[in-house]
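Here is the structure we will look at, set down as structure tokens.
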Amino acid sequence: MHRTHPSARTAARRIRWLVVAGLAAAAAVITVVIASALGHQLPKSSSTSASLSASPHASPGEPRGAPDEADGVVPDGTTVFDDSVPAVAKLDPGLLKALRRAAKAAADDGVEFSVNSGWRSPAYQDRLLREAVAKYGSKDEAARWVATAATSPHVSGDAVDIGRSQATAWLSRHGADHGLCQIYENEPWHYELRSEAIGHGCPRIYADPTEDPRMQQ
């Protein structure tokens, strides 16, 4: 019968002990790694949920983000001939035709029309009204400058705000010849189509929108 030397048995036991200790250490490391990974994932998931709940799409009743061209925001340098800009393209066809006819006549006098505002979405109009209330301190004072989405001729595409003082000065003299009339005394840039003005002159100007019967709805 073969006998194992005592020193050999001791070495074998040490090897087994080292193997067991190594496996235990590896298991401990794996456990720590898994726990750490789970611990980092949970806060991330919570953060994502919080972000979603804060998203403007989470509460349909909350105001939208900033308006853009699709809402009627006008890029700098826009003219009455820019069909690619919704604020111009969505104007009433009769108004747009009169504007372009007048713009061509004004160009012969060295005057260029620019569009500061035209058609607006209801959401954009609502935002402008909220900003006006904040600026002027009350709804009554804001109403002298900004109409509601339900009454604004900008929302219906029936009004345009023309830029540059030379252009508005030209329109004050020649606008009626093209059926274009200033409607409010406090807004020399705001023009609407009044076809009957051709040959008869524009109707009386209101001091501000609060005198306009259309705004009393």
*Report yes if some heavy atom in the side chain of R164 is under 4.5 Å from a heavy atom in the side chain of E112; otherwise report no.*
yes
*Taking the side chain as every heavy atom from C-beta outward, state whether F113 and T79 have any pair of such atoms under 4.5 Å apart.*
no
*Would you mind reporting whether F81 and K104 have side-chain heavy atoms less than 4.5 Å apart?*
yes
*With the 4.5 Å side-chain cut-off for hydrophobic clustering, are W170 and V160 part of the same group?*
yes
*Work out which heavy atom in Y124 is nearest to a heavy atom in P67; give both atom names and the distance.*
CD1-CG, 3.6 Å
*If only atom types and distance count, is the side chain of H154 paired as donor or acceptor with the main-chain N or O of W119 below 3.5 Å?*
no
*Sub-4.5 Å side-chain heavy-atom contact between V88 and L96*: yes
*asked:* Donor-acceptor pair, distance only, cut-off 3.5 Å: does the side chain of D92 make one with the backbone of L95?
replied: yes
*Please confirm whether the backbone N or O of V111 pairs with a side-chain atom of D109, one donor and one acceptor, at under 3.5 Å?*
no
*Kindly work out whether a path of hydrophobic side-chain contacts (I/L/V/M/F/W/Y, heavy atoms less than 4.5 Å apart) joins M215 to L193.*
no
_Matching residue for W145 among N186, T210, D208, L128 - test: side chain to side chain contact (heavy atoms under 4.5 Å, CB included)_ = N186
*For S138 and D140, what are the C-alpha separation, side-chain angles and deciding distance, and is it a side-chain hydrogen bond (donor to acceptor under 3.5 Å, both in side chains)?*
CA-CA 5 Å; S138 71; D140 289 342; 5.5 Å; no
*hydrophobic_cluster_shared for W189 and V155, side chain cutoff 4.5 Å*: no
*For D158 and S156, test the side chains for any donor-to-acceptor distance below 3.5 angstrom and give the result as yes or no.*
yes
*Side-chain contact, heavy-atom cut-off 4.5 Å: V74 with N116?*
no
*Take R214 and E192, measure what salt bridge (charged side-chain N to carboxylate O under 4.0 Å, His left out) needs, and give me the verdict at the end.*
CA-CA 13 Å; R214 298 176 300 173; E192 298 181 26; 2.9 Å; yes
*R100 and D83 ion-paired at < 4.0 Å*: yes
*Take I183 and R194 through the side-chain contact (heavy atoms from CB on, under 4.5 Å) test and state the conclusion after the steps.*
CA-CA 10 Å; I183 305 301; R194 297 290 185 271; 3.6 Å; yes
*For H200 and E196, indicate whether the former's side chain and the latter's backbone hold a donor-acceptor pair under 3.5 Å.*
yes
_Whether Q125 side chain and S121 backbone form a donor-acceptor pair below 3.5 Å_ = no
*asked:* Heavy-atom count check: over 12 atoms from other residues, nucleotides or ligands less than 6.0 Å from E141 CD?
replied: yes
_Is it the case that over 12 heavy atoms from other parts of the model lie below 6.0 angstrom from the CG atom of D76?_
no
*Is the backbone N or O of P213 less than 3.5 Å from a side-chain atom of E211, with the two atoms forming a donor-acceptor pair by type?*
no
*asked:* Between E131 and K135 (salt bridge meaning N to carboxylate O under 4.0 Å), is one present in this structure?
replied: no
*Taking all atoms of both residues into account, what is the closest heavy-atom pair of A87 and G72, and its distance?*
CB-O, 3.5 Å
*asked:* Would you compute the distance between atom CZ of R204 and atom CD of E185 and round it to the nearest 0.5 angstrom?
replied: 10.0 Å
*Which heavy-atom pair separates T151 from A147 by the least distance, and what is that distance?*
OG1-CB, 3.6 Å
*Is there side-chain contact between P209 and H190, with at least one heavy-atom pair below 4.5 Å?*
no
*Heavy atoms only: give me the nearest G179-A197 pair and the separation to one decimal.*
CA-CB, 4.4 Å
_Close side-chain approach of Y191 to Q182, heavy-atom, < 4.5 Å_ = yes
*Going through the checks in order, is the side-chain hydrogen bond (donor to acceptor under 3.5 Å, both in side chains) test met by T168 and S165?*
CA-CA 5 Å; T168 55; S165 58; 5.8 Å; no
*Is there side-chain contact between L180 and L171, with heavy atoms separated by less than 4.5 Å?*
yes
*Side chain of S152, backbone of A149: donor and acceptor closer than 3.5 Å?*
no
